[in-house]
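Reminder, nothing fancy here: chain letters follow the sequence lines and each chain counts from 1.
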Amino acid sequence: MSKLDYKETLNLPRTNFQMKANLVNKEPEILKRWEEQKIYEKTLEYRADAPTYLLHDGPPYANGDIHLGTAMNKVLKDFVTRYKTMRGYRAPYVPGWDTHGLPIEHRVTTMLGDEAKNKTPVEIRRLCKDFALKFVNIQREQFKRLGIKGDWENPYITLDPEYEYHILDVFKTLVEMGNVYRGNKPVYWCPNCRTALAEAEIEYHDHESPSIYVKFQMVEDPKTYIVIWTTTPWTIPANVAIALHPEYTYTKIKVGEEYWIVAEGLLQKFSAETGVHFEVVEKFLGSELEGKLTKHPLYDRTSIVVLADYVTLEDGTGCVHTAPGHGEEDYQTGLKYNLPVLSPVDDEGKFTKEAGKYEGLKIWDANKVIVEDLKNNGALIKYGKVQHSYPHCWRCKGPVMFRATPQWFISVDKNDLRKKVLEQIKNVKWYPAWGENRITAMVQERPDWTISRQRVWGVPIPAVICRHCGEVILDARVIEKFANIVREKGTDAWFEMDVEHFLPEGLTCSKCGGNEFDKTYDTLDVWIDSGCSWEAVVHSKGEKFPVDLYLEGDDQHRGWFQSSIFLSTAKTGVAPFKAVVTHGFIKDEQGRKMSKSLGNVVDPMEIVNKYGADILRLWVASTDFFDNIRVGKNIIEQQVEVYRKLRNTIRYLLSNLYDFTESDLLPYEKLLPLDKWALGRLQKYIEQVTSYYEEFEYSKVYNATVKYCTTELSAIYLDILKDRLYVEAKDSIYRRSAQTVLYYILDALVKILAPIIPFTAEEAYQESPAKRFESVHLEYWPEVRKEFVDDQLLEEFQHLLLVRDDVLKALEEARTSDLIGHSLDAHVYIEPKNEEIAALLKKYEGILDEFFIVSAVTLTDENLEGAVTGQFVDVLVKHADGEKCQRCWKYHPDTGKDEKHPETCPRCSAVLRGERK
RNA sequence: GGGCUCGUAGCUCAGGUGGUCAGAGCGCACGCCUGAUAAGCGUGAGGUCGGAAGUUCGAGUCUUCCCGGGCCCA
């Protein structure tokens with residue numbers, strides 16, 4: 001027989017599982033098959049009676065393509081649901097979208113431009129809806145392409161009438177509890193457009209404003225004044241307080257016959273700007289003045305000294321004019337000190353009658369008049385002008401103002417709501433654990449929740465206003481009536497239908513007893529929308545509640561987690577989730593934030609279209625997502641390399657099982673020692689990886705799996721096995737023993753990888769002899785089989801592997817000196833360094849040549865001349881004696897002695913004769 | 001400025017309660033094989049564990065401060 005003919009007698013690997021993945025083309029085909037086979041539906045069907053594991057989806061906002069952050073978020077969720085499904089749970093996944101709110105309304109009105117003014121609210125709402133649904137569809141396709149398994153045909157969408165009904169239902173509960181109240185709060189207001197503006201609708205431009213220093217006389221000490229500085233004289237009528245920093249040093253200076261109070265750090269600047277000459281007479285901390293009263297310079301009332309951390313020493317006097325009706329910080333301070341919120345200004349920016357003599361004046365015109373008055377009564381120290389950045393309206397470009405307007409609030413403390421929420425937080429398991437501290441601190445400090453918006457794209461707050469006295473009434477019965485109509489017609493009904501349809505019988509004004517009303521047109525904060533999802537999607541449908549898991553970015557400690565836990569605690573008394581996992585944010589390779597201006601934005605679909613979804617998913621698994629994670633070309637390409645390794649390992653397993661089925665499995669007792677070792681190691685690997693999955697530690701799954709495939713399988717076990725798999729008789733015990741273990745390894749590996757790289761796992765599963773279902777995603781998680789673990793054997797092999805390291809080093813030296821090429825060229829002489837090792841090697845003497853992949857091994861206790869000193873053994877490498885067997889490439893002294901097969905070693909001759917089983 | 005948080009080899013990550021803990025895989029360099037072949041195997045070079053001080057017989061591991069990044073507020 002020639003060399004080539006001997007090759008024909010080997011059992012070389014064979015498989016349809018291609019080395020080249022071609023994921024970009026293959027993944028869509030697999031997706032299509034999953035859809036046709038209804039795999040998602042079947043996972044639920046097959047587990048209909050099993051316990052439920054419920055991950056409730058946080059709805060992304062439907063106003064653009066998905067970005068890498070949302071992609072990662074969904075992939076992580078998919079890891080969870082796929083894993084839990086394989087663990088035997090019924091684990092439904094209902095994706096959702098957040099569809100109301102300003103960003104969409106803003107985009108739509110921007111696109112409309114001037115035309116927006118001619119549109120009715122309902123027309124604008126229709127456009128918003130179309131806009132949102134368009135992106136729901138786009139995002140849905142993108143998420144599906146990532147391999148996210150879920151009920152994509154029946155997602156929850158916050159603009160669905162049924163969903164809107166539940167928002168109103170939860171809201172009604174809050175109203176009934178008495179936690180909803182009406183109060184005043186400053187918002188950006190454009191007097192020209194006569195509308196409230198959101199932060200996002202503000203543009204900053206340079207603007208010239210007056211700059212005035214004003215002194216406030218102290219009540220207790222009429223010779224002493226506190227000096228303030230402001231660029232908005234028109235807000236002086238609304239002044240109720242002066243804010244000082246508690247820890248700054250303030251000085252009392254003597255100016256003429258008077259004493260003025262100014263922060264020490266601003267004295268020079270103050271003096272330079274006002275030209276005032278002074279003499280310091282006293283110093284004290286800001287905190288010492290807390291509660292002192294001053295006289296208002298224009299009205300017969302007082303302003304109180306308060307303390308605030310935001311006071312700086314950049315401009316002014318360190319004594320900040322405070323008008324809670326005209327500034328956000330002022331408002332917050334006002335809440336703390338229970339100050340009145342004055343805002344004597346109307347929609348058009350004109351003073352109302354509360355402003356006294358200024359009534360009817362436009363605020364911009366009033367500046368002059370007020371400055372003049374301050375000058376006349378001696379309160380004005382200095383008048384000047386200043387150029388600074390000032391907020392302007394995005395639409396009319398005019399300057400805007402802060403103006404207190406009536407808003408709806410949810411009281412955080414009424415009915416002990418805050419306390420109950422804090423209690424509930426403790427019952428939740430937070431991953432990572434610091435999430436609990438974070439949300440606890442936030443809940444402890446948060447102010448009441450402003451829930452009204454002066455916008456059209458949202459769920460209307462069905463409050464009515466009395467036609468007679470103007471009292472605004474929020475009545476649970478109106479909400480209920482409206483909610484029931486919404487269920488049929490959607491929230492457009494509020495804009496389209498007559499108020500009478502929403503009024504319960506006998507509704508009268510609580511103030512004047514009137515019975516005629518008009519609608520009001522505020523809408524609800526969208527955090528209420530999404531914060532009700534547990535009710536709309538889970539609780540009201542009789543699904544498992546509280547759900548097992550919420551999984552979102554850590555910004556949601558303030559956002560969705562909080563709105564959800566507040567609303568759920570209010571209505572049901574408990575948190576809506578048992579556990580919360582948070583992830584960090586995605587940065588570029590330098591750790592910088594991704595932004596269009598930096599040009600470092602990575603598009604997830606670009607990765608999918610270039611490398612495949614499994615590569616993107618493998619990258620997600622490789623990261624420590626609890627913290628911020630980095631991404632870029634290099635990092636992704638690293639995953640391509642790792643993917644190749646995993647794929648080739650699976651491919652090699654498959655290719656050596658082409659002639660193997662379940663019925664060929666050998667019982668454990670019949671396995672060869674090396675195979676028992678590998679099987680035991682597999683159990684350890686399964687056990688470890690399973691615990692990682694339980695704790696959402698995917699990077700550890702990833703690392704353990706890569707290491708397992710590279711070192712234990714590829715470099716050791718599979719390399720050693722080549723001889724037996726190829727050379728021994730097809731159905732011999734030597735080969736079947738190896739194949740039995742390969743079968744178990746393949747089966748486990750494919751399943752363990754299935755949640756992470758579902759496409760590749762599916763492709764491999766279809767070729768696997770262990771296939772039992774039509775899809776790997778209907779499969780069950782591999783069990784750890786204790787009977788496959790022989791701890792003593794594992795321990796012994798652990799030591800043999802250390803000896804192997806010594807042998808490999810010696811072989812490498814022999815290679816360098818051209819003594820050998822392939823390790824099979826070698827005959828290795830080993831001198832153990834201690835008795836223990838000697839005994840161990842003796843025990844396994846018969847398989848050492850196989851284990852080291854050499855032709856022969858000789859154990860000796862003699863001193864080996866020229867040996868390489870290792871850690872546990874000394875090793876001498878010689879070229880092997882005899883001829884190289886043309887079949888198995890091993891050297892053997894007796895090669896060539898078989899008459900029929902003269903070029904083969906005794907073992908191969910026996911195999912060829914059919915004598916070796 | 002405040003609350004929380006992160007900073008270990010070029011990259012991605014491991015390193016309970018302080019004492020062989022300075023590691024793994026990838027990448028890289030060099031070599032082997034050509035019966036996993038656009039594969040496989042081996043050997044090797046890479047880190048003062050962000051910086052400084054402190055507690056301790058001993059600190060990536062505890063404390064304080066500083067530098068840099070992040071989320072949320074202000």
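Applying the 6.0 Å contact sphere to CD of A/Gln871 captures no more than 12 heavy atoms from other residues, nucleotides or ligands.
None of A/Phe566, A/Trp527, A/Tyr550 except one satisfies the ring pair (Phe, Tyr, Trp, His ring centres under 6.0 Å) rule with A/Trp560; the exception is A/Tyr550. Partner A/Tyr693 forms a ring pair (Phe, Tyr, Trp, His ring centres under 6.0 Å) with one of A/Tyr702, A/Phe79, A/Tyr698 and no other, that one being A/Tyr698.
Ring-to-base geometry places A/Trp889 in a stacked arrangement with B/G35 (centre distance under 5.5 Å, plane angle under 30°).
Partner assigned to B/A29 is B/U43, using Watson-Crick or G-U wobble distances below 3.5 angstrom. Remark: B/G18 base-pairs with no nucleotide in the shown strands. Criterion, Watson-Crick or G-U wobble with two distances under 3.5 Å. Look at B/A52: its Watson-Crick or wobble partner, with both distances under 3.5 angstrom, is B/U64. B/G23: Watson-Crick or G-U partner is B/C13, with both key distances under 3.5 Å. Figure legend. B/G1 is base-paired to B/C73; pairs are counted as Watson-Crick or G-U wobble with both atom distances under 3.5 Å.
Counting to the nearest Å, the C1' atom of B/C41 and the CD atom of A/Glu850 are 16 Å from each other. Nucleotide B/C41 holds its P atom 18 Å from the CG atom of A/Asp825, rounded to whole Å. Here B/G2 presents its P atom at 19 Å from CD of A/Gln444, a figure rounded to the nearest Å. If you take CG of A/Asp719 and P of B/A39, they are 16 Å apart, rounded to a whole angstrom. Atom-to-atom, CD of A/Glu436 to P of B/U5 comes out at 12 Å; the value is rounded to the nearest Å. Rounding to whole angstrom units, CD of residue A/Glu641 and P of B/U12 are separated by 16 Å. Atom pair A/Leu808:CG and B/C33:P shows a separation of 16 Å (rounding to whole Å applied). Rounding to whole angstrom units, CD of residue A/Glu813 and P of B/C32 are separated by 16 Å.
Between the side chain of A/Gln638 and the base of B/C11 there is at least one donor-acceptor pair of N/O atoms closer than 3.5 Å. Side-chain atoms of A/Lys722 and base atoms of B/A36 include a donor and an acceptor less than 3.5 Å apart. For A/Thr649 against B/A36, no side-chain N or O and base N or O form a donor-acceptor pair under 3.5 Å.
Under a 4.0 Å N-O distance rule, the pair A/Asp555/A/Arg558 does not qualify as a salt bridge. A salt bridge between A/Arg647 and A/Asp614 is absent, with no side-chain N of the basic residue lying under 4.0 Å from a carboxylate O of the acidic one. A salt bridge does not link A/Lys809 with A/Glu812: none of the charged nitrogens is closer than 4.0 Å to a carboxylate oxygen. Classification of A/Glu589 and A/Lys633 as a salt-bridged pair fails, no side-chain N sitting under 4.0 Å from a carboxylate O. Between A/Glu328 and A/Lys185 a salt bridge is recorded (basic side-chain N to carboxylate O distance below 4.0 Å).
Within 4.0 Å of A/Arg887, counting heavy atoms only, lies at least one base atom of the nucleic acid. Using a 4.0 Å heavy-atom cutoff across all strands shown, A/Ser823 reaches no nucleic acid atom at all. Within the 4.0 angstrom heavy-atom criterion, no nucleotide atom of any strand lies near A/Ser655. A/Thr710 comes within contact range of the sugar-phosphate backbone alone, with a heavy-atom separation under 4.0 Å but no base atom that close. Within the 4.0 angstrom heavy-atom criterion, no nucleotide atom of any strand lies near A/Val642. Among the atoms of the strands shown, only primed sugar atoms or phosphate atoms (P, OP1, OP2) are found under 4.0 Å from some heavy atom of A/Ile635.
For residues 317-325 of chain A, proximity to RNA chain B is found at no residue, defined as any non-hydrogen atom under 4.0 angstrom from a strand atom.
Across B/A45 and B/G27, the matching C1' atoms stand 13 Å from one another, rounded to whole Å. Across the C1' atoms, B/C11 and B/G19 are found 31 Å apart, a figure rounded to whole Å.
The side chain of A/Ser699 lies closest to B/C13 when the candidates are B/G15, B/G3, B/C13. For A/Thr623, the side-chain atoms get nearest to B/U12 when compared with the rest of B/A36, B/G42, B/U12. Set against B/U37, B/U12, B/G35, the side chain of A/Leu10 has B/G35 as its closest nucleotide.
Classified by its glycosidic torsion, B/G60 falls in the syn category, the angle being within 90° of 0.
Residues A/Asn600 and A/Gln590 are not in side-chain contact: their nearest non-hydrogen atoms beyond the backbone lie 4.5 Å or more apart.
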Using a cut-off of 4.0 Å between protein heavy atoms and nucleotide atoms, how would you tag nucleotides 69-74 of chain B 5' to 3' with B, S and -?
SSBSSS
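The phosphate of B/A39 (OP1 or OP2) has no side-chain N or O of A/Lys645 nearer than 4.0 angstrom. Between B/C41 and A/Ser714, a contact under 4.0 Å exists linking OP1 or OP2 to a side-chain N or O. OP1 and OP2 of B/A14 both lie 4.0 Å or more from every side-chain N or O belonging to A/Tyr702. Within the 4.0 Å cut-off from OP1 or OP2 of B/G35, at least one side-chain nitrogen or oxygen of A/Lys7 is found.
Mapping A/Asp624 and A/Tyr726 onto RNA chain B via the closest heavy atom, the residue that lands nearer the 5' end is A/Asp624. Across the interface with RNA chain B, nearest-nucleotide mapping of A/Glu589 and A/Cys888 shows A/Glu589 to be the residue nearer the 5′ end.
Ring pair A/Phe872/A/His799: centre-to-centre distance not below 6.0 Å.
Stacking of A/Arg916 on the aromatic ring of A/Tyr734 is recorded, both the 6.0 Å distance cut-off and the 45° axial limit being met.
In this structure, CD in A/Gln638 is found 12.0 Å from CD1 in A/Ile615, a value given to the nearest 0.5 Å.
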